[in-house]
*Asks:* 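Sharing a structure below in structure tokens format, with a few things to ask.
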Amino acid sequence: MGVALKGVYAISDEELTPYDKLPHMLELAIRGGVSLFQLRDKTHSDTELLSLAQDLARLCAKNHVGFIINDRLELALKCHAFGLHLGQEDMPLKEARKRFKGVIGVSCYGDVKRAKEAQDLGADYVAFGACFASSTKPSARTISKEVFTQARAHLSLPLCAIGGLNPHNLATLPSLDLCAVISSLWLGDITQNARDLKEALRLKF
């Protein structure tokens, strides 16, 4: 069974998903039906993260969930990650694609032109946001919902929304394939949160 680039895309958070609890929290999220999981860490070294990343990669593989590393090509290679996600300040996509054969996603904020360039360079999905005000990234600029309509007209890649998403406001966005979530997944009943997000997103396919 392969991993489809569609559904609920869980992202770790160093405060909301402490690393001693993250494997169990991820199991609960998987039980609720998440499709992808991204390990996002801006403070620890690759060496410090390697053992955790390997454990999470195995857990995801066993459950047919795509394990994605944010911004760290070497770590992604070492733990045989399903995917790598790149932001504006990270390694250029062209350079990463030469070495990484898995799925590569690119943050495009509100820029459809950047997304088109990413598609041309071999990206597998593109992410747009912040869609709504986010407690995780309070300084992130919110984008127009029309970005998704424009992107759908010009791109053939799966589209991912990120930023302040929950089961209620998902309904206000145009058609999309993935919703990347942090606080609306990890706070409260993780399994039920995942189910609610999955159901809200399913209505958009």
Side-chain angles (χ1 to χ4, degrees), residues 2-14 16-17 19 22 26 29-30 34-46 49-50 52-54 56-57 59-61 65-112 114-131 134 136-137 140 143 147-148 151 155 157-165 176-186 197 201:
V3 175
L5 296 177
K6 179 179 281 192
V8 180
Y9 184 171
I11 300 179
S12 72
D13 177 85
E14 291 176 67
L16 296 182
T17 58
Y19 290 158
L22 179 53
L26 179 55
I30 290 171
V34 301
S35 301
L36 302 175
F37 169 72
Q38 180 189 124
L39 178 62
R40 183 180 186 276
D41 182 295
K42 295 296 185 181
T43 58
H44 296 82
S45 69
D46 285 4
L49 291 172
L50 180 58
L52 173 67
Q54 290 172 331
L56 295 172
L59 176 60
C60 286
V65 168
F67 177 61
I68 294 175
I69 296 278
N70 181 277
D71 178 26
R72 298 168 182 259
L73 173 63
E74 300 303 330
L75 183 60
L77 291 169
K78 285 178 183 175
C79 67
H80 306 289
F82 169 79
L84 176 70
H85 188 86
L86 300 173
Q88 196 162 14
E89 307 301 323
D90 301 334
M91 171 183 288
L93 170 58
K94 189 173 183 179
E95 184 180 337
R97 181 46 86 199
K98 289 177 183 176
R99 298 186 56 205
F100 189 78
K101 304 307 178 189
V103 163
I104 298 182
V106 177
S107 292
C108 297
Y109 313 98
D111 190 343
V112 176
R114 174 178 166 82
K116 180 69 169 64
E117 291 169 352
Q119 175 175 272
D120 293 344
L121 288 171
D124 296 285
Y125 72 88
V126 289
F128 295 103
C131 296
S134 166
T136 308
K137 283 189 172 183
I143 64 169
V147 166
F148 291 97
L155 303 172
L157 295 181
L159 308 182
C160 176
I162 189 169
L165 300 172
L176 50 96
D177 304 285
L178 289 156
C179 67
V181 287
I182 300 177
S183 58
S184 64
L185 173 65
W186 302 121
L197 287 159
L201 187 60

*Asks:* For the residue pair A76 and G83, what are the closest heavy atoms and their distance?
*Replies:*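 Minimum heavy-atom contact is CB-O, 4.5 Å.
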*Asks:* Any carboxylate oxygen within less than 4.0 angstrom of a Lys/Arg side-chain nitrogen, looking at D120 and K94?
*Replies:*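 Salt bridge absent between D120 and K94.
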*Asks:* Heavy atoms only: give me the nearest A118-V126 pair and the separation to one decimal.
*Replies:*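 That closest heavy-atom pairing would be CB-CG1, 4.2 Å.
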*Asks:* To check you understand the geometry: which heavy-atom pair defines the closest contact between S107 and R114, and what is its length?
*Replies:*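 Shortest heavy-atom separation between S107 and R114 comes out as O-NE, 2.7 Å.
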*Asks:* Mind running side-chain contact (heavy atoms from CB on, under 4.5 Å) on L49 and R72 for me, showing each step along the way?
*Replies:* CA-CA 11 Å; L49 291 172; R72 298 168 182 259; 3.6 Å; yes
*Asks:* Hey, what do you get for OG (S12) to CD1 (I68), rounding to the nearest 0.5 Å?
*Replies:*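 Rounded to the nearest 0.5 Å, the OG-CD1 separation comes to 11.5 Å.
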*Asks:* Given side chains that start at C-beta, do those of L121 and R97 come closer than 4.5 Å, heavy atoms only?
*Replies:*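 When only atoms from C-beta onward are counted, R97 and L121 do not touch, as no gap falls below 4.5 Å.
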*Asks:* Counting C-beta onward and ignoring hydrogens, is there a side-chain heavy-atom pair between D71 and K42 closer than 4.5 Å?
*Replies:*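 Yes; the side chains approach each other to less than 4.5 Å.
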*Asks:* Can you find a pair of side-chain heavy atoms, one from D41 and one from T43, that are under 4.5 Å apart?
*Replies:*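 D41 vs T43: side chains touch.
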*Asks:* Minimum heavy-atom separation for F100 and L84, please, with both atom names.
*Replies:*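 It is CE2-N, 3.7 Å.
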*Asks:* Looking only at non-hydrogen atoms, find the nearest pair between K116 and L155 and report the distance.
*Replies:*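 Heavy atoms of K116 and L155 come nearest at CA-CD2, 3.5 Å.
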*Asks:* Step by step, would you call F148 with I143 a side-chain contact (heavy atoms from CB on, under 4.5 Å)?
*Replies:* CA-CA 10 Å; F148 291 97; I143 64 169; 4.2 Å; yes
*Asks:* Report yes if the side chains of Y125 and D177 come closer than 4.5 Å at any heavy-atom pair, otherwise no.
*Replies:*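 No, their side chains stay 4.5 Å or more apart.
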*Asks:* To the nearest 0.5 Å, tell me how far L73 CG sits from M91 CE.
*Replies:*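 That separation rounds to 4.5 Å.
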*Asks:* How are the rings of F67 and F37 set to each other: parallel, tilted or perpendicular (split at 30° and 60°)?
*Replies:*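 Ring orientation, 0 to 90° scale: parallel.
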*Asks:* Distance from L197 atom CG to S184 atom OG, nearest 0.5 Å?
*Replies:*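 If I round to the nearest 0.5 Å, the distance is 4.5 Å.
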*Asks:* Are N70 and I11 close enough that some pair of their side-chain heavy atoms sits under 4.5 Å apart?
*Replies:*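 Of all side-chain heavy-atom pairs linking I11 with N70, none is under 4.5 Å.
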*Asks:* Any sub-3.5 Å donor-acceptor pair from D124's side-chain atoms to I104's backbone N or O?
*Replies:*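 Yes; judged by distance alone, with no hydrogens or angles, the pair exists.
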*Asks:* Check whether any side-chain heavy atom of S183 sits under 4.5 Å from a side-chain heavy atom of D13, and report yes or no.
*Replies:*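 S183 does not reach D13 side chain to side chain.
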*Asks:* Does K101, at its NZ atom, have more than 12 non-hydrogen atoms belonging to other residues, nucleotides or ligands within less than 6.0 Å?
*Replies:*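 Result for NZ/K101: enclosed.
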*Asks:* Any side-chain to backbone donor/acceptor pair from W186 onto A29? Under 3.5 Å, distance only.
*Replies:*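 It does not hold such a pair.
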*Asks:* Return the minimal non-hydrogen interatomic distance between L36 and A4, and the atom names on each side.
*Replies:*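 That would be CD2-O, 4.5 Å.
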*Asks:* Supply the atom-to-atom distance Q38 CD to C160 SG, rounded to the nearest 0.5 angstrom.
*Replies:*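 Rounded to the nearest 0.5 Å, the CD-SG separation comes to 9.0 Å.
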*Asks:* Are Y9 and L165 side-chain neighbours, meaning at least one heavy-atom pair lies under 4.5 Å?
*Replies:*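 Counting from C-beta outward, Y9 and L165 never come under 4.5 Å.
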*Asks:* Answer whether the closest heavy-atom distance between the side chains of L26 and V65 falls below 4.5 Å.
*Replies:*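 When only atoms from C-beta onward are counted, V65 and L26 do not touch, as no gap falls below 4.5 Å.
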*Asks:* Report the distance from atom CG of L159 to atom CG of L176, rounding to the nearest 0.5 Å.
*Replies:*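 Result: 7.0 Å between the selected atoms.
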*Asks:* Taking the side chain from E14 and the backbone from H44, do they hold a donor-acceptor pair closer than 3.5 Å?
*Replies:*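 No.
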*Asks:* Working to the nearest 0.5 angstrom, can you tell me the gap between I162 CD1 and C131 SG?
*Replies:*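 If I round to the nearest 0.5 Å, the distance is 8.5 Å.
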*Asks:* Between Y19 and L56, is the side-chain contact (heavy atoms from CB on, under 4.5 Å) condition met? List the steps.
*Replies:* CA-CA 10 Å; Y19 290 158; L56 295 172; over 6 Å; no
*Asks:* Taking K6 for its side chain and V3 for its backbone only, find out whether a donor-acceptor pair lies under 3.5 Å.
*Replies:*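 Pair absent, no side-chain N/O of K6 close to backbone of V3.
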